[in-house]
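By convention here, the first residue in the shown sequence is residue 1. Counting convention: from 1, in listed order, for ligands and their atoms alike.
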Amino acid sequence: MKYDVITLFPEIIEGYCSHSITKRGIESEIINVKTHNPREYSLDKHKRVDDTPYGGGDGMVLACQPIFDCYNSIEKKENFEFIMLTPQGERFNQNIAVELSKKEQIILLCGHYEGFDERIRLGLKPREISIGDYVLTGGELGALVLIDSISRNLENYLGKDKCACDDSFSEGLNGLLEYPHYTKPREYLGMKVPDVLLNGNHKEIEEYRKNESIKRTKQKRPDLL
Ligand code: ADE
């Protein structure tokens, strides 16, 4: 999977991607993350990328030219998706993460300041995605949320023969929340690991996990049932 991130703050994306599983995913070439800074495409003599809004109002608006030229400079694969991160977009979820994991390339456009010149939406026709009903200062956190959650669904990304199929919300759990996990010791501060997990009976363990998953979802997210 190739991710191309259009951002005025490439260090935010590069910083996150140089750690943990994302770093390993890049090293093993399962994913590739490239940043593109619109400032480098600005034709303004001071390399400005924004301007004051027509009609007045607070804040600055990202201008068309640097964004259009930056987007057009990116080489597109056949099966790509172009996404704009915005609080006005469709709400992101696990189903969309799985759907997007089947693409060859995802181009992510991060906003900043007051917003985008409307002609960026009209001219480039991105799919608009929001990561929740709150407003962030920029789209970078949203882009990283997408990169992380989409990549988990790629083959071998979590390690050889490991898969995200038992994650909360996943098809393997019928869209429910994941069951509880335990590790050593068997008892901690008087709290014991349930016996069923210690007896080695895989059928019983599977049944226990399924029931816990339903119980948890009923308690915490009844809307998912
Ligand atoms: N940019 C600002 N707020 C956002 C949100 N909620 N989701 C995605 N991108 C954003």
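- Residue L141 does not touch ligand 1, judged by heavy-atom distances below 4.0 Å.
- In this structure, OG1 on T22 lies 4.5 Å from OH on Y16, to the nearest 0.5 angstrom.
- For atom 6 (N) of ligand 1, the closest non-hydrogen atom on the protein side is Y134 O, 2.8 Å.
- Counting the atoms of ligand 1 from 1 in the order shown, those under 4.0 Å from a heavy atom of G132 are 6 (N).
- Taken together through direct or relayed side-chain contacts under 4.5 Å among Ile, Leu, Val, Met, Phe, Trp and Tyr, I214 and F169 form parts of separate hydrophobic clusters.
- Atoms of ligand 1 lying under 4.0 Å from any heavy atom of I129, numbered from 1 in the order shown and given with element: 8 (C).
- At a heavy-atom distance under 4.0 Å, no atom of T137 approaches ligand 1.
- When hydrogens are left out, the protein atom nearest atom 3 (N) of ligand 1 is L136 N, 3.0 Å; that is the closest non-hydrogen contact.
- In this structure, CD in E140 is found 7.0 Å from CG in L8, a value given to the nearest 0.5 Å.
- In terms of hydrophobic clustering, with Ile, Leu, Val, Met, Phe, Trp and Tyr side chains grouped at heavy-atom distances under 4.5 Å, Y41 and F116 are assigned to different clusters.
- V5 is listed as a side-chain neighbour of C110, based on a closest heavy-atom distance under 4.5 Å.
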Exercise. Between R209 and E212, is a salt bridge (Lys or Arg N to Asp or Glu O under 4.0 Å) present by the stated rule, with each step listed?
Worked result: CA-CA 5 Å; R209 286 180 166 163; E212 284 299 310; over 6 Å; no

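- Atom NE2 of H19 sits about 11.5 Å away from atom CD of E14, to the nearest 0.5 Å.
- In this structure, the protein non-hydrogen atom closest to atom 10 (C) of ligand 1 is P87 CD, 3.7 Å.
- Heavy-atom distances between S130 and ligand 1 reach below 4.0 Å in at least one pair.
- With respect to atom 7 (N) of ligand 1, the closest heavy atom belonging to the protein is I131 N, 3.0 Å.
- Taking 4.0 Å as the cut-off, G111 does not count as a neighbour of ligand 1 on heavy-atom distance.
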